[in-house]
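Residue numbers begin at 1 in each chain, while the letters A, B, ... track the order of the sequences.
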Amino acid sequence: MVRFQRLLQNWYSENKRDLPWRRTKNPYKVWLSEIILQQTRVAQGLAYYNKFVYTYPTVSDLAQASEQEVLNLWKGLGYYSRARNLHKTAKEVFNEHGGVFPETYLGLIKLSGVGPYTAAAISSFCFDEAQAVLDGNVFRVLSRIHDHQTPINTTLGMKEFSVLAKAHLNLQDPASYNQAIMEFGALHCKPKNPRCETCPFTLECSALINGTIDLRPQKIKKLKIKKRFFLYIVYTDRASKMVYLKKRTAKDIWHHLFDFYLEEYSSKEELEKAITEDLEIEPVQKTHKLTHQTLHVTFIQKEIKKPLPTDETLKPYSLKSLKNLPIPTLHQKYIEEELGFLG
DNA sequence: AAAGCGGGGTC
DNA sequence: GACCCAGCTTT
């Protein structure tokens, strides 16, 4: 074994976390964990992984659930297209592959929601295929070891780091090697305050030698964060303890999740202009910061007066039934904080 | 090539 | 407030 692989995998054997998806080569469970952990930390995803494995022990169980049930289990985890693709792929594996997962990189990458990273991860972890994973951790570790400054979020950077990743891969044990380099990036070669003083690569880390650790990996510009102004009219019926919701259908944030009645405005002023009537209940205002947009949200709660002054897709739900409906985290918090009287 | 997609954590 | 996280799909 070459020095890099030996030092890396020695570090891994002494420092790796004991995680449930590392105790199995079952491709269903590994796939589940990989989809959940895309853009998600282990601490946040672990409970969801356990819920899914418990509720759907096999891909066939997941395939036979409804999309709404799957979204409800995913509720609060974000990036909901992952859940929709998860369900779609489960149905495909169940209906077209007899419930058996593809066993190669090329077969896996055809699945919805499975891209280059996830296909490399599953094929190497479960089937010992020699595919090098390339995720945020690998980018960071390699960019520092080689002090390589091509921005990672460019086509050229992707290509160059892919070559580097392949060159380092331990062909004898791609599964352990891939786990090792990602775990090393997550626990030791961290984005902030990496533990260079106790690093096994002190002698060969070019960025450490050059004093450029904090500059790696290089990335190009951050995109502008859009501001959106949401006015929610939260219709309630105290007598029957109901709140009115509608399903979101636009290809937008929270696709296929349930929503209050919503009016969107292009500015704070436009939104305020729309609030003309005297309100019995003080509006609740929140700022919801997401990765690519900031939502300035105003909630106005209104007791229903007949006839129902809204569109007919709005339907009443009891507070109790909300447990089984996929609702954004923002809405969940509002309900808990402001609609206690319904329960 | 660029945009869109969540929620939570760290510093 | 900026940046990050076991990325992928759509345009």
Among B:dG7, C:dA6, C:dC5, the nucleotide that comes nearest once only the side chain of A:L37 is considered
C:dA6
Please report the distance, rounded to the nearest Å, between NE2 in A:H331 and P in B:dG6.
12 Å
Could you check whether A:H255 gets within reach of a base, just the sugar-phosphate, or nothing at all, counting any heavy atom under 4.0 Å?
nothing
Quote, to the nearest angstrom, the P distance that separates B:dG4 from C:dA6.
25 Å
A:W254 side chain near B:dG7 phosphate (N/O to OP1/OP2, under 4.0 Å)
yes
Examine the base of B:dG7 for any acceptor or donor lying under 3.5 Å from a partner atom in the side chain of A:T291, and report the outcome as yes or no.
yes
Between A:E34 and A:L111, name the one whose nearest nucleotide on DNA chain C is closer to the 5' end.
A:E34
Residue set satisfying salt bridge (Lys or Arg N to Asp or Glu O under 4.0 Å) with A:E264, at least two apart, ordered chain then number -> A:R228
Say we look at B:dG8 and C:dT9: how far apart would their C1' atoms be, to the nearest angstrom?
23 Å
Going by the angle between their ring planes, with limits at 30° and 60°, are A:W11 and A:F184 parallel, tilted or perpendicular?
perpendicular
Would you say A:Y79 reaches C:dC5's phosphate, i.e. side-chain N/O to OP1/OP2 under 4.0 Å?
no
side-chain N/O A:K333 vs B:dG7 OP1/OP2, d < 4.0 Å:
no
OP1 or OP2 of B:dA3 less than 4.0 angstrom from a side-chain nitrogen or oxygen of A:K226, does that happen here?
no
Is A:S112 touching bases, backbone alone, or none of the nucleic acid, heavy atoms closer than 4.0 Å?
sugar-phosphate
Side chains of A:T150 and A:E160: do they bring a donor and an acceptor to under 3.5 Å?
yes
Base, sugar-phosphate, or nothing: which does A:I109 touch, judged by heavy atoms less than 4.0 Å apart?
nothing
Can you tell me if A:T118 touches the phosphate of C:dC8, counting only side-chain N or O atoms and a distance under 4.0 Å to OP1 or OP2?
yes
A:K88 versus A:N85, side-chain donor and acceptor atoms under 3.5 Å
no
Got a salt bridge between A:K333 and A:E336, using NZ or NE/NH1/NH2 to carboxylate O under 4.0 Å?
no
Indicate, with a heavy-atom threshold strictly under 4.0 Å, whether A:L77 touches base, sugar-phosphate, or nothing.
base
May I ask you to decide if the ring planes of A:F161 and A:H148 are parallel, tilted or perpendicular, using 30° and 60° as cut-offs?
perpendicular
It should be established whether A:K219 places a side-chain nitrogen or oxygen under 4.0 Å from OP1 or OP2 of nucleotide C:dC4.
yes
If you check the A:K289 side chain, which of C:dA6, C:dG1, B:dG7 turns out closest?
C:dG1
A:I225 CD1 - B:dC5 P separation (whole Å):
13 Å
Determine the contact category for A:W21: base if any of its heavy atoms lies under 4.0 Å from a base atom, sugar-phosphate if only primed atoms, P, OP1 or OP2 are that close, otherwise nothing.
base
Have a look at A:Q44 and say if it touches a base, only the backbone sugar-phosphate, or nothing, with a 4.0 Å heavy-atom cut-off.
base
Base, sugar-phosphate or nothing for A:R84? Non-hydrogen atoms, less than 4.0 Å.
nothing
Would you kindly say whether A:R216 and A:Q218 are connected by a side-chain donor-acceptor distance under 3.5 Å?
yes
Which part of the nucleic acid does A:Q179 contact within heavy-atom distance under 4.0 Å: base, sugar-phosphate only, or nothing?
base
Closest approach to the side chain of A:P191, judged atom by atom: which nucleotide of C:dT11, C:dA6, C:dC5 is it?
C:dC5
If you look at every strand shown and take non-hydrogen atoms under 4.0 Å, does A:G45 touch a base, only sugar-phosphate, or nothing?
nothing
Determine the interatomic distance between P on C:dC8 and the same-named atom on B:dG9; round to the nearest Å.
24 Å
Base of B:dC5 and ring of A:H292 stacked, centres under 5.5 Å, planes under 30°
yes
Return the polar atom pairs (N/O with N/O) between nucleotides 9-11 of chain B and the protein under 3.5 Å, or none.
none

To the nearest Å, how far apart are A:R228 CZ and B:dG4 C1'?
10 Å
Salt bridge present between A:E92 and A:K110 (N-O < 4.0 angstrom):
no
Do the ring planes of A:H288 and A:W254 sit parallel (below 30°), tilted (30 to 60°) or perpendicular (above 60°)?
tilted
May I ask you to verify if any side-chain N or O of A:Q39 is less than 4.0 angstrom from the OP1 or OP2 atom of C:dA6?
no
If you look at every strand shown and take non-hydrogen atoms under 4.0 Å, does A:V42 touch a base, only sugar-phosphate, or nothing?
nothing
Does A:S81 have a side-chain nitrogen or oxygen under 4.0 Å from the phosphate oxygens OP1 or OP2 of C:dT9?
no
